2 protein chains.
Amino acid sequence: MLPSENKYLTNVSFDTVIFGFTGEELKILVLEYQNTGLFALPGGYIRRDENLLDAAKKGIMRRTGLKTIHLEQFHTFGKLNRSNPEPSKRIAKGLGYEMPDDHWVLDRFITVGYYSLINYNEVRPTPNKFSDSINWYSINNLPPLMMDHEEIVKKALEAIRTDLGKKPIGTNLLPEKFTMKELRKVYEAILDKKLRRTTFQRKILSMDILIRHEKLYTGAANKAPYLYSFDKEKIEKL
Amino acid sequence: MLPSENKYLTNVSFDTVIFGFTGEELKILVLEYQNTGLFALPGGYIRRDENLLDAAKKGIMRRTGLKTIHLEQFHTFGKLNRSNPEPSKRIAKGLGYEMPDDHWVLDRFITVGYYSLINYNEVRPTPNKFSDSINWYSINNLPPLMMDHEEIVKKALEAIRTDLGKKPIGTNLLPEKFTMKELRKVYEAILDKKLRRTTFQRKILSMDILIRHEKLYTGAANKAPYLYSFDKEKIEKL
DNA sequence: TTATATTGTATCAATTTGATACAATAATGC
DNA sequence: GCATTATTGTATCAAATTGATACAATATAA
C-alpha cells in the first residue's frame, strides 16, 4: 500500500492523559485490551483529512462521551525504542486477527502527548472495539502501562504542575459551582502537597477570576461556605 | 515505494529555531533556497534508525558547525493546512529536478518544533545542498517565512520566555565568561523589556549559580566589571 | 589630580507571603 | 432557646521579597 492510499498518516499518533478529580485525588483514564493484560493510554491515529488537534479531540470525545473538551499538548515522544510491534500484535491476536508483519500500525510511531482535565462525574468511559474496558485509576496506583506510556503520564503531570501557575486549571475539573475548599483540594491533588487555607483563599480571590454565588448548606454543623464559579470573561483576558 | 522501504519516517519532520545573541539583540538562523526566494527554518526528516531528538541534533550540528548542542522541544504543529507541496516543488525545480507528485516529501507533514540557544560567535552557518544561504536575522526583522514557520518562531519565543523563569537560559548564549551587564542584556533581549540593573544583579546573585572571576578591563574610563561563569554543578542540582 | 561613566552594594519603602488569631456562622444536643 | 462544635471568611502582624534610590569604589582620559 502506498502511504497516500492509507486513510491515516503513518508513523504519527497521539496519546492522551485524561485527568479527573474525585474530590480527593487525581485519576486518569486507562484502557485495557481484551485477552492481553495490556494497559494503555487512550490514543489513536490522525486521518489525512483532519487536524492533529481535532483527531485527538475526536478520540477523547468518543472515549468519554463529552461533547466539548479542552486539550493541551505537552510533549512529543520520538525515541527509537518506544516503538514495539509486539503489543499491537498481541492486541490483534486477542481479538482473533493475525496481523501481517508489514501492517502500518506495526511500524515505528512518534506520538504527540495531550492532556485534558475533565469533570469526573460527567464522564461515561466508553471502550472502543479493541479494548475490554476503560477505567479511572488513581495516579498513585496505576497498572503497569505498555510501551512508554508511564513516561508519558509522568511528563503530563509535570506539565500540569507548571501550567497551574499560569492558567486557572481547575475550570474543567470541577462542576460549574464549587466551594473554595474544593478548589484548594484540586490544587493540592495536582501539586501533591498541602496548601495553607488562608493564603490560598487570599491569593485566588486577589486574582479576581471568581464570581461569588449563594452559600452551600450541606447540613454540617458549621458555617456554610460560599459557592464560586470562574469568571470566564476575565479568564479570557489573562 | 512501501513506507518501510523509505530510509526516513513519513509524515513527520522537525523544525528548529536557533537563537543567537549578538550582544544587543536576538537573532535566528534562517535559510534561503536557491532560485526560489523561499525562506525557511532549518529542519529535516527523521531516519528510521535514529531517535527524534538525535535527528534534530544532527541536523543542527551540520547547519552550525557546533559539536555539542542543547535542544528544547516546545510544540508540535499538525494543522491540516500547514502542509503544502508547492514550496517543495519549487525548491526541487530551483535545483533543476522535477519532483513526481507522489514523492513522500510532498505528502502532509506533522512537524516537531525545537529551539536552541547558542553562542553567536562560535557558529559557522553552513548551507545544505538544497539551500543557497543560511543567515542570522533579527527576530524583529525576519524575511517572510514559508508555510507556518512564522507561527513556529512565535511559539518558540513564547516558550523561551516562560522557560527563562525556570532554567538559567543564558548558559549557551554567552561565552564561558561574561559580565553581569551582558547577562542582563540577554534577559532583556528575550523578554523584550528593560530590567532594573540593581534588582537583576541581586536576584541572579542570590540564586547562587554564578562563579565570580577576575575583572574585565576594557579600557573604558570607569570601574571594571567582574567576569562571571555559570556554576554547572549547582545548576544540575536545581 | 580632577572629571566621568559605570559598577557593586547598601538602604529604606512598598508589596507580597507566611503564620496566627478571631469573629461569624450552621447545625446539634440539651 | 442556648451553649457547643466544626468550619469559614477575614484581619492582623511578622517575615521575606521586590522596587527605587543613593552612594562609595573604581578605571581611564583629560
Side-chain angles (χ1 to χ4, degrees), chain A residues 23-24 161-162 164-168 170 174-231 234 238, chain B residues 23-24 161-162 164-168 170 174-231 234 238:
Chain A
E24 282 303 321
R161 277 175 191 151
T162 54
L164 195 58
K166 289 178 262 166
K167 302 187 168 194
L174 291 170
E176 181 66 19
K177 292 182 181 177
F178 48 86
T179 65
M180 192 58 78
K181 188 177 195 173
E182 289 172 322
L183 184 58
R184 179 164 48 86
K185 290 275 178 192
V186 168
Y187 276 68
E188 289 180 343
I190 290 174
L191 296 172
D192 195 27
K193 68 173 177 186
K194 293 276 168 199
L195 300 174
R196 250 168 294 280
R197 181 181 67 92
T198 56
T199 311
F200 179 80
Q201 183 140 340
R202 178 175 55 191
K203 226 158 42 172
I204 287 281
L205 286 177
S206 76
M207 288 172 77
D208 197 32
I209 53 169
L210 294 183
I211 302 170
R212 179 180 281 186
H213 301 281
E214 72 281 7
K215 288 188 171 189
L216 173 70
Y217 299 92
T218 59
N222 53 41
K223 185 171 178 179
Y226 287 105
L227 284 169
Y228 295 89
S229 66
F230 285 102
D231 188 333
K234 284 186 181 154
L238 290 184
Chain B
E24 282 302 321
R161 276 174 191 153
T162 54
L164 194 58
K166 291 177 261 167
K167 304 187 166 195
L174 291 170
E176 181 68 18
K177 292 182 182 178
F178 48 86
T179 65
M180 192 59 76
K181 187 178 195 172
E182 289 172 323
L183 184 58
R184 179 163 51 86
K185 290 274 180 192
V186 168
Y187 276 68
E188 289 180 342
I190 291 175
L191 297 173
D192 194 26
K193 67 172 179 188
K194 293 275 169 202
L195 299 175
R196 247 168 295 281
R197 179 181 68 92
T198 56
T199 310
F200 179 81
Q201 183 140 338
R202 178 174 56 191
K203 228 160 38 175
I204 286 281
L205 286 177
S206 76
M207 290 172 74
D208 196 32
I209 53 168
L210 294 183
I211 301 169
R212 179 180 283 186
H213 299 280
E214 73 280 5
K215 289 188 170 188
L216 173 71
Y217 299 92
T218 60
N222 52 41
K223 187 172 177 180
Y226 287 106
L227 284 169
Y228 296 89
S229 67
F230 286 102
D231 187 333
K234 285 186 180 155
L238 289 185

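Hydrogens, waters and symmetry mates are skipped; everything else that's a heavy atom, side chains included, is used. Lettering follows sequence order; numbering is per chain, from 1. Just so it is clear, the model here is predicted, and its values are computed rather than measured.
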Query raised in the report: What residues, two or more places apart in sequence or in another chain, satisfy side-chain contact (heavy atoms from CB on, under 4.5 Å) together with B:Lys234?
Result: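 By the side-chain contact (heavy atoms from CB on, under 4.5 Å) rule, B:Lys234 matches B:Asp208, B:Asp231.
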Requested in this report: Enter the distance from B:Ile204:CD1 to B:Leu195:CG here, rounded to the nearest 0.5 Å.
Outcome: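 CG of B:Leu195 is found 9.5 Å from CD1 of B:Ile204.
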Query raised in the report: Do B:Phe178 and B:Tyr226 make the cut of ring centroids closer than 6.0 angstrom?
Result: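 No.
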Interatomic distance where [atom1] belongs to [X] and [atom2] belongs to [N] [whole Å]:
| X | N | atom1 | atom2 | result |
| --- | --- | --- | --- | --- |
| A:Met207 | C:dT16 | CE | C1' | 15 Å |
| A:Phe200 | D:dT8 | CZ | P | 13 Å |
| A:Leu195 | C:dT17 | CG | P | 13 Å |
| A:Glu182 | D:dT8 | CD | P | 10 Å |
| A:Lys203 | C:dA19 | NZ | P | 12 Å |
| B:Lys181 | C:dA5 | NZ | P | 13 Å |
| A:Leu216 | D:dG9 | CG | C1' | 15 Å |

Report each atom pair, protein N/O against N/O of nucleotides 25-27 of chain D, whose distance is under 3.5 angstrom.
from, atom 1, to, atom 2, distance (Å)
D:dT26, O2, B:Lys223, N, 2.9
D:dA27, OP1, B:Lys215, NZ, 2.8
D:dA27, O4', B:Asn222, O, 2.5
D:dA27, N3, B:Ala221, O, 3.2
D:dA27, N3, B:Asn222, N, 2.9

Requested in this report: Mind jotting down which residue pairs meet the side-chain hydrogen bond (donor to acceptor under 3.5 Å, both in side chains) criterion with at least one end in residues 183-196 of chain A? Sequence neighbours excluded, please.
Outcome: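 Counting only pairs at least two positions apart or across chains, the side-chain hydrogen bond (donor to acceptor under 3.5 Å, both in side chains) contacts touching residues 183-196 of chain A are A:Arg184-A:Glu188.
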Excluding sequence neighbours, so at least two apart, what forms side chain to side chain donor-acceptor pair (under 3.5 Å) with [X]?
| X | answer |
| --- | --- |
| A:Arg197 | none |
| B:Arg161 | none |
| B:Lys215 | none |
| A:Glu176 | none |

Query raised in the report: Where do B:Ile211 and B:Phe230 land on the side-chain contact (heavy atoms from CB on, under 4.5 Å) test, with the steps shown first?
Result: CA-CA 6 Å; B:Ile211 301 169; B:Phe230 286 102; over 6 Å; no
Shorter than 3.5 Å, N or O on both sides, protein versus nucleotides 10-12 of chain D: list them out with atom names.
from, atom 1, to, atom 2, distance (Å)
D:dT10, OP2, A:Arg212, NH2, 3.3

Query raised in the report: Residues two or more places apart in sequence or in another chain: which of them pass ring pair (Phe, Tyr, Trp, His ring centres under 6.0 Å) with B:Tyr228?
Result: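 Expected list: none.
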Requested in this report: Take A:Arg184 and B:Thr199, find for each the nucleotide of DNA chain D with the closest heavy atom, and name the residue whose nucleotide sits nearer the 5' end.
Outcome: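 Final value for this comparison: A:Arg184.
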Requested in this report: State which residues pass salt bridge (Lys or Arg N to Asp or Glu O under 4.0 Å) with A:Glu24; sequence neighbours excluded, sorted by chain then number.
Outcome: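 Testing A:Glu24 for salt bridge (Lys or Arg N to Asp or Glu O under 4.0 Å), a comparison that skips the adjacent residues, returns none.
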Requested in this report: Would you jot down, in residue-number order, the residues of residues 186-194 of chain B having a non-hydrogen atom under 4.0 Å from DNA chain D?
Outcome: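 Nucleic-acid contacts, sorted: none.
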Requested in this report: Apply the test side-chain contact (heavy atoms from CB on, under 4.5 Å) to residues B:Thr198 and B:Arg202: give CA-CA distance (whole Å), side-chain angles for both, the deciding distance (0.1 Å), then the verdict.
Outcome: CA-CA 6 Å; B:Thr198 56; B:Arg202 178 174 56 191; over 6 Å; no
Requested in this report: Would you check if B:Met180 and B:Leu205 make a side-chain contact, meaning some heavy-atom pair closer than 4.5 Å?
Outcome: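 The answer is yes; the side chains approach within 4.5 Å.
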Requested in this report: Enter the inter-axis angle for the ends of the helix from C:dT1-D:dA30 to C:dC30-D:dG1 (five pairs per end, rounded to 10°).
Outcome: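 Angle reported: 20°, given to the nearest ten degrees.
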